[in-house]
Enquirer: 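Questions regarding the structure given below will be posed in turn.
Heads up: numbering here begins at 1 and tracks the sequence. Keep in mind that what you see is a predicted model, and the values were worked out from it rather than measured.
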Amino acid sequence: MERLFRLFENWLDPFDTPPTDDIPPTTGRFLWHFIGQSKGVFALMLLLGGITAVLEAAIFSFIGVIVDMLDAGSIETVLVDDRWTLIGMAVIVLVIRPITAILTVMLEEQTVVPGFFNRVRWQTNRRVLSQSLSYFQNDFAGRIAAKIWQTGQATGDFMISLLQILWFIVVFALSTLFLLAELDLWFVLIVVFWLLIYAVLAVKIIPIIRSRAKTTADTGSAVSGRLVDTYSNIQTVKLFGSSERELDGTRQSFESFLDSLRRFTRMLTIMRSLLAVLGSCMILGIGGLSIVLWGQAEITSGDVAIVLGLTLRLNLLLNRMMGQLNGLFRNLGTVQDGMDTIAKPIRVRDLPNATELEVRQGRIVFDGVGFRYGPGEAVIDNLSLSIEPGEKVGLVGHSGAGKSTLIHLLLRFYDLQKGTIRIDEQDISAIRQNSLRQSIGVVSQDTSLMHRSIRDNIAYGQIGCEPERIEEAARRAHAHEFIQELRDQKQRAGYDAHAGERGVKLSGGQRQRIAIARVLLKNAPILALDEATSSLDSEIEAAIQEQLYNLMAGKTVIAIAHRLSTIAAMDRLIVMEQGRIIETGTHQKLIDLGGAYARLWQHQSGGFLVPTQFG
């Protein structure tokens, strides 16, 4: 039995590479993208569903045959004259039917649930990870994660329902019509008329149900997103005493969801009620006709048993399908809702012939760069800047001047609308994104950590890094001492302790020192420092600055700092305003110039800014 389990469990590899990373944005093609990779599994499921339906219809015919046998003679005569017929029936009931049922269950539970469900999840996750930074900035992280998880299950559940229920009903209905046709064509006419009305109702109502199911899934995701947003910012909620306000906002999301859910379930109720009335009329018509024909001696008692048994079973199956419509269209709505998020076009793509970045010297050139986030004004406007190999450049300017955006463009988080960025004469748009970012070490002011061990956070991206190198980087970032004191709720200590979601268990300064240790360990040839020491106290900052200066040796550096004293010693300072460069030069040259930089410097006392003037 163990071998049989493994055979079905290993049929589909959940981590199989898709034929293409592009996922179609239309429902049918979206489903086929995944189903087409598992054609054998679903073809067998289709076949087993058909066999099951034929067996069910055959069993009802057996009942009629047995009734006629018993009418024709004694039990002894039946056991002698019809023994082979009875043996054949027994084999079908005791051997073929159980084997078919076992294979169906194995296929569903051991292959589709673990293999197909998680293949969809894995491949949609792979797709989403390829999206640009703006994709994640425009949605809730929890909502995206929920859609990936739910879409995997909904796609599998939809196919199981479709193949095992609808296909089963189609085959059973055809088998029923075939058996009834052998008795009297009036039976066939009644059933066909019933099925036609059934089909007309389905054609009229199902599109409405499908549309409302999609709306229900979308509003349900909005509730989930609202909850995740609240929980992710729980400290802010508590600080402002906004629990009641959050409950009001969440209630509005729930009410929107409930409104769409009620509209959806009303259509299901209407459909199921109409079909219940229709089914009752059909049963009455078939029953009445069979009694009339039996009274006229045109059919036998066994035929009556077959007709009524098949009719009741068909009605039961159709009612069962209507009961499944709720789940079927919920799943389809969930698939469509997930598809709208998962199949969005990827804005920043590697070119088909993208190459690896070779940093030979580290010269960076921004040539006529223009960029805007949306339809508004340009954030970077026709900016040109050359940074020589090994040069240390500081970016200065008020908030919103475009400093951080310039670093984001260097990292190719966004594609330019105008101009080029080159590193050692290599256009970064023709470079593989992973290769580009592996060559740039970044410490940003918004430092977030993974909810993993401190060791994993420091060595992130450095596969197989030795523990000694990790600890040395932590020491250089003055993080080793506080790391030694860490202990999480599962009693993991030191470098094994987990940081909490986004590093929430650590202070801002501690998170920043972990980030600095990470970039020290990475030792990339180009450094981008965006307020790298903004969360540190003066004593720790002074100690870490020395390590950062050592790290900068021989590297090309772009640094942003609101505390001008931390970048005053740079080789060159670039003053930006509204996406343009307005001044450039050394600290002393810019002071002597008496322009924008000099005014910013005057607003500071001892290198610290007056909050109302700069920040």
Side-chain angles (χ1 to χ4, degrees), residues 131-138 345-351 354 357 359 362-389 391-431 433 436-437 439-446 526-532 534 556-562 564 567 570-585 590 593 595-597 599-600 614-615:
Q131 288 285 1
S132 62
L133 186 63
S134 61
Y135 172 91
F136 295 95
Q137 292 173 333
N138 293 329
I346 298 174
R347 293 188 176 182
V348 180
R349 284 181 176 271
D350 288 338
L351 296 176
L357 178 64
V359 182
R363 186 170 190 264
I364 303 172
V365 175
F366 296 85
D367 187 2
V369 171
F371 175 76
R372 67 185 71 232
Y373 287 107
E377 294 184 3
V379 180
I380 303 294
D381 186 11
N382 197 31
L383 182 146
S384 293
L385 171 66
S386 293
I387 303 173
E388 298 304 315
E391 187 179 14
K392 282 66 177 171
V393 170
L395 298 182
V396 180
H398 290 282
S399 294
K403 306 182 299 297
S404 295
T405 297
L406 203 63
I407 289 179
H408 289 167
L409 294 176
L410 175 63
L411 291 162
R412 205 183 164 212
F413 286 154
Y414 308 93
D415 274 333
L416 304 176
Q417 279 104 33
K418 179 183 176 184
T420 59
I421 300 175
R422 299 188 298 277
I423 298 176
D424 288 339
E425 300 308 315
Q426 301 162 84
D427 188 339
I428 65 169
S429 66
I431 299 297
Q433 294 174 64
L436 171 68
R437 293 162 192 162
S439 300
I440 303 175
V442 180
V443 180
S444 68
Q445 57 186 322
D446 182 22
I526 298 172
L527 286 179
L529 308 176
D530 187 354
E531 293 289 344
S534 61
T556 304
V557 179
I558 301 177
I560 299 171
H562 285 169
L564 301 184
I567 58 172
M570 292 285 178
D571 298 330
R572 186 162 45 126
L573 299 178
I574 307 296
V575 184
M576 295 182 63
E577 186 175 291
Q578 295 182 344
R580 296 186 179 94
I581 296 174
I582 59 171
E583 293 178 1
T584 180
L590 294 176
L593 185 64
Y597 179 82
R599 289 193 297 273
L600 288 172
F614 192 79

Enquirer: Quick one: which of I582, I560, T584, I567 gives a side chain to side chain contact (heavy atoms under 4.5 Å, CB included) with V396?
Expert: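 Single pass found, and it is I567.
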Enquirer: Is a side-chain donor-acceptor pair under 3.5 Å present for Y414 with T405?
Expert: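 Their side chains do not contain a donor-acceptor pair, so the 3.5 Å distance test is not met.
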Enquirer: Got a donor-acceptor contact below 3.5 angstrom from the K392 side chain to the I558 backbone?
Expert: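 No; zero donor-acceptor contacts below 3.5 Å.
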Enquirer: So, do I431 and L351 sit near enough that their side-chain heavy atoms are less than 4.5 Å apart?
Expert: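 Counting from C-beta outward, I431 and L351 never come under 4.5 Å.
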Enquirer: Look only at the side chain of S132 and the backbone of V348, and say whether a donor-acceptor pair between them is shorter than 3.5 Å.
Expert: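 Answer holds: no.
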Enquirer: Which pair of non-hydrogen atoms, one from L590 and one from G585, has the smallest distance, and what is that distance?
Expert: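 For L590 and G585, the tightest heavy-atom pair comes out as CD1-O, 3.7 Å.
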Enquirer: Give a yes or no answer on whether the side chain of D424 reaches the backbone of G362 with a donor-acceptor pair at less than 3.5 Å.
Expert: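 It does hold such a pair.
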Enquirer: Can R580 and D381 be counted as an ion pair, charged N to O under 4.0 angstrom?
Expert: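 Counted as a salt bridge, because a side-chain N and a carboxylate O are separated by less than 4.0 Å.
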Enquirer: What pairs with F366 under ring-ring contact (aromatic ring centres under 6.0 Å, His included), at least two apart in sequence or on another chain?
Expert: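 Scan of F366 (ring-ring contact (aromatic ring centres under 6.0 Å, His included), adjacent residues dropped) gives none.
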Enquirer: Could you give the distance from NZ (K418) to CZ (R372), rounded to the nearest 0.5 Å?
Expert: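 It comes to 10.0 Å.
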Enquirer: CG of N382 to CD1 of I380: how many Å apart, nearest 0.5 Å?
Expert: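 Nearest 0.5 Å value for the CG-CD1 distance: 11.0 Å.
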Enquirer: I would like to know whether E391 and R363 meet salt bridge (charged side-chain N to carboxylate O under 4.0 Å, His left out); could you show each step before the answer?
Expert: CA-CA 8 Å; E391 187 179 14; R363 186 170 190 264; over 6 Å; no
Enquirer: Do D427 and T420 pass the side-chain hydrogen bond (donor to acceptor under 3.5 Å, both in side chains) test, and can you show the C-alpha distance, the side-chain angles, and the key distance before you say yes or no?
Expert: CA-CA 7 Å; D427 188 339; T420 59; 5.3 Å; no
Enquirer: Taking atom CZ of R572 and atom CD1 of I387, what is their separation to the nearest 0.5 Å?
Expert: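 Rounded to the nearest 0.5 Å, the CZ-CD1 separation comes to 6.5 Å.
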Enquirer: I need the minimum non-hydrogen distance between L436 and R412, along with the two atoms involved.
Expert: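 Looks like CD2-CB, 3.7 Å.
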Enquirer: How long is the gap from OG on S439 to CD1 on I526, to the nearest 0.5 Å?
Expert: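 With rounding to 0.5 Å, OG (S439) is 6.5 Å from CD1 (I526).
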Enquirer: Taking side chain as C-beta onward, heavy atoms only, is L395 less than 4.5 Å from L406?
Expert: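 Yes - at least one pair of side-chain heavy atoms lies under 4.5 Å apart.
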Enquirer: Starting from the C-alpha separation in whole Å, work towards a yes-or-no answer on side-chain contact (heavy atoms from CB on, under 4.5 Å) for I421 and V369.
Expert: CA-CA 7 Å; I421 300 175; V369 171; 3.9 Å; yes
Enquirer: For the residue pair I574 and L385, what are the closest heavy atoms and their distance?
Expert: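 Nearest pair, atom of I574 first, then L385: CD1-CD1, 3.8 Å.
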Enquirer: Salt bridge (charged side-chain N to carboxylate O under 4.0 Å, His left out) between D415 and R347: does it pass, once the steps are laid out?
Expert: CA-CA 8 Å; D415 274 333; R347 293 188 176 182; over 6 Å; no
Enquirer: Any side-chain heavy atom of I581 sitting closer than 4.5 Å to one from V575?
Expert: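 With C-beta onward as the side chain, the pair stays apart.
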Enquirer: Please name the pair of heavy atoms, one in L383 and one in G579, separated by the smallest distance, quoted to 0.1 Å.
Expert: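 Minimum heavy-atom contact is CD1-O, 3.8 Å.
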Enquirer: Please find the pair of heavy atoms, one from A559 and one from M570, that lie closest to each other, and give the distance.
Expert: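 Nearest heavy atoms, A559 then M570: CB-CE, 3.5 Å.
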Enquirer: Less than 4.5 Å apart, side chain to side chain, heavy atoms only: is that true for I423 and L357?
Expert: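 Contact flag for I423/L357 side chains = yes.
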Enquirer: For residues A528 and I440, report the shortest heavy-atom separation together with the two atoms involved.
Expert: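 Of all heavy-atom pairs spanning A528 and I440, the closest is CB-CG2, 4.2 Å.
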Enquirer: Would you say the side chain of L416 lies within less than 4.5 Å of the side chain of L409, judging by non-hydrogen atoms?
Expert: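 Touching, per the 4.5 Å side-chain cut-off.
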Enquirer: What residues form a ring-ring contact (aromatic ring centres under 6.0 Å, His included) with F413, not counting sequence neighbours?
Expert: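 F413: ring-ring contact (aromatic ring centres under 6.0 Å, His included) contacts with H408.
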Enquirer: Can a donor-acceptor pair be found, under 3.5 Å and without considering hydrogens, that links the side chain of E577 to the backbone of A401?
Expert: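 Absent.
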Enquirer: Begin with the C-alpha distance, continue with both residues' side-chain angles, and end with the deciding distance and a verdict on side-chain hydrogen bond (donor to acceptor under 3.5 Å, both in side chains) for R437 and Q433.
Expert: CA-CA 6 Å; R437 293 162 192 162; Q433 294 174 64; 3.0 Å; yes
Enquirer: What residues form a ring-ring contact (aromatic ring centres under 6.0 Å, His included) with Y135, not counting sequence neighbours?
Expert: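 ring-ring contact (aromatic ring centres under 6.0 Å, His included) check on Y135 returns nothing, list empty.
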Enquirer: Count the heavy atoms of every other residue, nucleotide or ligand shown that sit under 6.0 Å from CZ of R349, and state whether that count exceeds 12.
Expert: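 Counting other residues, nucleotides and ligands, CZ of R349 exceeds 12 neighbours.
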Enquirer: Give a yes or no on whether the backbone of G368 and the side-chain of S384 come within a donor-acceptor separation of less than 3.5 Å.
Expert: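 A pair under 3.5 Å: yes.
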Enquirer: L600 versus H398: any side-chain heavy-atom pair under 4.5 Å?
Expert: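 Yes - at least one pair of side-chain heavy atoms lies under 4.5 Å apart.
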